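Each chain gets a letter, A, B and so on, in the order the sequences are listed, and its residues count up from 1. Quick caveat, the model's predicted, so the values are computed rather than measured.
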Amino acid sequence: MLNTGEVRVVAPRTLLPADVESLGVKVFHELREGLRDADVVMMLRLQRERMQGAMLPSEHEYFRLYGLTDEKLSMAKTDVTVMHPGPINRGVEMDSRVADGPPSVILEQVAHGIAARMAVMSMAMQQNIQQQVND
Amino acid sequence: MTSPRIRIFGGRLIDPSNRVDGPLDLYIADGRVAAIGEPPDGFAADIQLDATGMCVTPGLVDLCARLREPGQEHKASIDSECRAAAASGITTLCCPPDTDPVIDTPAVVELIRHRARQVGAARVAVLGALTPGLQGLHLSEMAALQHAGCVGVSNAGNPLGSTLIERHAFEYAATFGLTVFLHADDAALSADGCLHEGRVSTRLGLPGIPEAAETVAVARDLALIEQTGVRAHFCRLTTRRAVRMVARAQFDGVPVTADVAIPYLYLTEVDASQFGPDYHFIPPLRTSEDREGLLQSLKSGTLGALCSDHQPHEPDAKLAPFPATEPGASGLDSLLPLTLKLVEEGYLSLPDAIARLTCGPARILNIPCGELAVGRVADVCIFDLHANWRLNQQTISSRGKNTPFMGWEMRGRVRYTLRDGHIIFNGNSA
């Protein structure tokens, strides 16, 4: 998958899509286990509506179990890259020290995200213009 | 406090989990079983307990006992009920989360465990709340409750807000390998009922609770248990049909267990027909067919545990018209004797009966007790199978005197109870 050796997902069962293993990923419920020897960690923003939908008890418990901290990150490879599409809920899915620490490429990722979106929009528009010319 | 070295001699050792049943001595050191049959090398006993003519079994594990603390200390306390349990051969009690405050934070778990340790009688296994305040609306911090020592989670008798919340609660509990303890009741169907819906409720003109209140809930729960893969336990099933559904699910490999409480094996709706408040139970006493079905399922093992469903009350709680009284009975004192009576009446073999009170509930709670293999914690119950006594105001040790079995002849008397290798009850000095 994605030309990588292995892709893992780590989450409580309430947040996992049904039969997610069928996409070729390995499922973990314990963040430390999932992080073991990882090359890249991609954190995802926790949406507040998950709390109202009774999928999680509290941000506090989520951070304790699934929040990325320096201590948990030490399970990954020493040259690990930490990513997050932004915006970050600091202290929910990720500790600020990790977000701003040396392994983090989050700011570059966000900057690249703008370029990538512009490219996608440009390509979509061009196709549209091409079609109008043909008509 | 160091644990004494104890030799229990002359008794009939019954340890169903290890298929042991015979005249064997038991040797205890450092709070654990040191040897069975022959003493370990150089064993010098500090205490010798003569169990001649008695049964020596693992300490009993009671799957449901309300201790009423915190919040309802006018009914009972951790102190009073843990001591009453010890006097009844019970070494582990499981307490549901419907205390006041509800057991939905680590602080309440710690309070109960701390109080139980102070008392030093029976140990208390704690169930955490599945939802905060048992309100059924959000998930509780189950990982934090587990970390604080909860052996499982439950919403006690309170309904969940929706099947969606039930699904998420099961998924979340399954994430941490927590067992959910379920009270199968469809709240809309049971509504304001106070006894089984049938000929007795019709004759008395009291609102009934239909059988379907239980079977509908079991069907819904089983579907979600199967889908989420959560380990689940049905508490206090009362109807033959519900138990049959559980048996079928077990046969299909669904990770589900169930228990029954003593009153439902002796009493039926007919016993409630004189408006006696001690016969007010929720879920209600059912029909004689249900009672027969429960007994058969207890024998077959579909019902893996037999519990007291201990609910001590102050006398005032039962001084009102039937529907206005608080339901439930005090049950610690009668758990062992009324189980032994089932043996006498031919429903169960003695080892099977002991299994339903020891290794059966211990497995459901996933705790390392209920058996007497070498190295296991030395929780022991020593009782005289042939000593009969009468349950009355003087002999009952629980603070709750509300029981429909008051005045009944009890079979089997506990002589000693040991927990972690310490004598927590001595019937000769009591």
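- By the 6.0 Å contact criterion, CG on B:Leu164 is enclosed, its count of non-hydrogen atoms from other residues, nucleotides or ligands being greater than 12.
- Each of A:Pro12, A:Ser58, A:Pro57 was checked for a side-chain contact (heavy atoms from CB on, under 4.5 Å) with B:Leu139, and the lone residue meeting it is A:Pro57.
- Other residues, nucleotides and ligands place no more than 12 heavy atoms under 6.0 Å from the CZ atom of B:Arg241.
- For chain A, the nearby part of B:Thr228 is the backbone; its heavy atoms alone come within less than 4.5 Å.
- The contact between B:Phe176 and chain A is made entirely by side chain atoms (from C-beta outward), counting heavy-atom distances below 4.5 Å.
- When atom types are taken as modelled, the side chain of A:Thr14 and the backbone of B:Glu171 share no donor-acceptor pair closer than 3.5 angstrom.
- Atom CZ of A:Arg97 has 12 or fewer heavy atoms from other residues, nucleotides or ligands within 6.0 Å.
- With rounding to the nearest 0.5 angstrom, the OG1 atom of B:Thr175 is 5.5 Å from the OH atom of A:Tyr66.
- Nearest heavy-atom pair across B:Ile165 and A:Ala54 is CG1-CB, 4.0 Å.
- No other option in B:Pro132, B:Gly229, B:Ala174 has as many heavy-atom pairs under 4.5 Å with chain A as B:Ala174.
- Counting non-hydrogen atoms of neighbouring residues, nucleotides and ligands closer than 6.0 angstrom, the CG atom of A:Asp79 exceeds 12 such neighbours.
- In terms of heavy-atom pairs under 4.5 Å with chain B, the best-connected choice from A:His60, A:Met55, A:His29 is A:Met55.
- Within 6.0 Å of NE2 on B:His138 lie no more than 12 heavy atoms contributed by other residues, nucleotides or ligands.
- Heavy-atom contacts from other residues, nucleotides or ligands closer than 6.0 Å to CD of B:Glu226 number 12 or fewer.
- A donor-acceptor pair is defined here as one N or O able to donate and one able to accept, closer than 3.5 Å; such a pair exists between the side chain of A:Glu61 and the backbone of B:Ala143.
- For a residue to count as touching a neighbouring chain, one of its non-hydrogen atoms must lie under 4.5 Å from one of that chain's; by this rule A:Leu15 does not touch chain B.
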